Amino acid sequence: MSGGGQGRLSGSAAIVTGAGSGIGKATALAFGAEGARTVCADINLENAEATAAGIRDAGGDAFAVAVDVAEEASAEACVKAALDRYGAIDAIANCAGIVRNGTAMNTDLATWNLIIGINLTGLWLMCKAVLPHMVERRSGSIINIASVGSLVASPSNAAYIAAKGGVATLTKSMAVDFAPYNIRANAICPGTVPTPLVINHYMNRGEVDPNDIAAGIAATEKRYPLHRHGRPEEIAALAVYLASHRESGFMTGSLLPIDGGISAAAWQVGQ
Ligand SMILES: NC(=O)c1ccc[n+]([C@@H]2O[C@H](COP(=O)([O-])OP(=O)(O)OC[C@H]3O[C@@H](n4cnc5c(N)ncnc54)[C@H](O)[C@@H]3O)[C@@H](O)[C@H]2O)c1
């Protein structure tokens with residue numbers, strides 16, 4: 001499927017943050033493949049350009065924008081660039097994020113502020129920048145990449161879990177406030193998807209040996225009832241569904257785990 005008019009998102013335009021890597025990259029590629037004109041936004045412009053080129057090579061319409069979501073002026077400039085180019089924004093997928101280790105006791109304030117600043121405040125700033133346009137059009141879909149960590153905690157992840165919990169409740173807040181304007185807000189709560197973010201995080205926690213990353217990552221798959229990790233394309237498929245008003249038009253304020261069953265399990269048989 002290309003941007004030629006047959007796709008599930010044909011005729012729409014979307015912003016994807018974090019589009020240079022991992023889940024954001026897969027989401028941007030999926031949006032583009034389903035016919036959305038796609039703004040690939042990332043703090044790493046080179047990687048965002050590569051994603052946009054991938055969409056164009058497949059016959060879609062995309063361009064890249066450098067954005068630091070944690071800076072209000074940068075978030076506003078990103079939305080302006082999208083509107084200047086495409087004239088409208090139907091959906092935003094907020095995928096930019098980072099992770100650092102630490103409990104509530106040993107996380108330092110700078111790390112706390114960094115994690116909250118990008119994962120929660122940055123996500124809000126992108127929504128704040130795009131909402132006036134969506135309100136004016138009486139239409140929009142906000143897709144926030146939260147985490148299974150929005151629902152349950154994992155060890156030594158305090159700031160990240162706090163930020164992702166905030167994303168979950170901010171999503172509900174926006175769903176309530178903007179439903180009268182036909183704007184939907186939903187949060188996707190992925191379990192582990194072995195992207196650069198996760199691989200570095202697991203290495204920093206000592207769970208994965210840098211000399212044998214594949215074996216280390218594979219060992220952590222046993223935590224999941226389905227005994228495997230997710231793929232970026234599986235998360236992207238849910239984002240496409242949420243971006244499509246035709247398909248998900250009755251869904252707003254929802255937190256959607258896509259996590260191999262881990263948030264459903266108190267413990268696993270045999271463990
Ligand atoms: N991978 C997982 O297992 C997993 C699980 C649950 C939630 N998530 C969430 O999914 C989202 C994407 O993560 P990923 O695993 O694809 O990671 P990733 O590291 O592959 O991609 C994250 C992208 O965000 C960009 N980014 C970081 N800071 C930014 C900023 N200030 N402004 C703009 N862009 C910025 C990075 O450059 C990178 O391209 C994150 O919000 C993450 O918390 C990931």
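Whatever order the structure lists them in is the order used to number ligands and atoms, beginning at 1. Keep in mind that this is a model prediction, so the values were computed, not measured.
- Between the side chains of Y202 and T192, a donor-acceptor pair is found at a separation under 3.5 Å.
- Of all atoms in ligand 1, numbered sequentially from 1 with element shown, those under 4.0 Å from a heavy atom of V198 are 1 (N), 2 (C), 3 (O).
- Within the 4.0 Å heavy-atom shell around ligand 1 one finds A146.
- Inclusion of V69 in the set of residues having an N or O under 3.5 Å from an N or O of ligand 1 is warranted.
- Partner of H229 under the side chain to side chain donor-acceptor pair (under 3.5 Å) criterion, chosen from T220, D259, T195: T220.
- Of the candidates G97, A75, G22, G97 brings a heavy atom nearest to atom 22 (C) of ligand 1.
- Here the straight-line distance linking atom CD1 of I143 with atom OG of S248 works out to 7.5 Å at 0.5 Å rounding.
- Taking 4.0 Å as the cut-off, K164 counts as a neighbour of ligand 1 on heavy-atom distance.
- Applying the salt bridge (charged side-chain N to carboxylate O under 4.0 Å, His left out) test to E233 and every residue at least two apart in sequence or in another chain returns nothing.
- At the top of the distance list for atom 6 (C) of ligand 1, counting protein heavy atoms only, stands P190 O, 3.2 Å.
- Which parts of ligand 1 touch T192 is read off a 4.0 Å heavy-atom cut-off, strictly below it: atoms 3 (O).
- K25 has its side chain out of reach of P232: every pair of non-hydrogen atoms, C-beta onward, lies at least 4.5 Å apart.
- Every heavy atom of G122 sits 4.0 Å or more from the atoms of ligand 1.
- The proximity of C95 to ligand 1, defined as any non-hydrogen pair under 4.0 Å, is limited to the backbone.
- Between V193 and ligand 1, a contact under 3.5 Å exists for at least one N or O pair.
- Looking at heavy atoms from C-beta onward, V167 lies in side-chain contact with T171 at the 4.5 angstrom threshold.
- Residues passing the side-chain hydrogen bond (donor to acceptor under 3.5 Å, both in side chains) test with R37, sequence neighbours excluded: none.
- Contact atoms of ligand 1 toward Y160: 6 (C), 7 (C), 8 (N), 9 (C), 42 (C), 43 (O) (distance under 4.0 Å to a heavy atom of the residue).
- Between V148 and ligand 1, no pair of N/O atoms sits closer than 3.5 Å.
- With contacts defined as side-chain heavy-atom distances shorter than 4.5 Å, the pair P225/I262 qualifies.
- N47 and D42 form no side-chain donor-acceptor contact under 3.5 Å, judged by distance and modelled atom types alone.
- Below 4.0 Å from some heavy atom of D68 lie the following atoms of ligand 1, by number and element: 30 (C), 31 (N), 32 (N).
- Within the listing of ligand 1, atoms 32 (N), 33 (C) sit less than 4.0 angstrom from a heavy atom of V67.
- Using 4.0 Å as the threshold, G191 has a heavy atom nearer than that to some atom of ligand 1.
- When only modelled atom types and interatomic distance are considered, D61 and Y86 share a side-chain donor-acceptor pair under 3.5 Å.
- Interface atoms of ligand 1 facing I118, defined by a heavy-atom separation under 4.0 Å, are 28 (N), 31 (N).
- With respect to E234 and R228, a salt bridge is recorded, a charged nitrogen being found less than 4.0 Å from a carboxylate O.
- At least one N/O-N/O distance between I43 and ligand 1 falls below 3.5 Å.
- Taking distance alone, with nitrogen or oxygen atoms compared against 3.5 Å, D42 approaches ligand 1 more closely than that limit.
- Assignment of N47 to the shell around ligand 1 is not supported, since no heavy atom sits closer than 4.0 Å.
- Looking only at protein heavy atoms, the nearest one to atom 16 (O) of ligand 1 is I23 N, 2.7 Å.
- Between Q268 and H227 the shortest side-chain heavy-atom distance falls below 4.5 Å.
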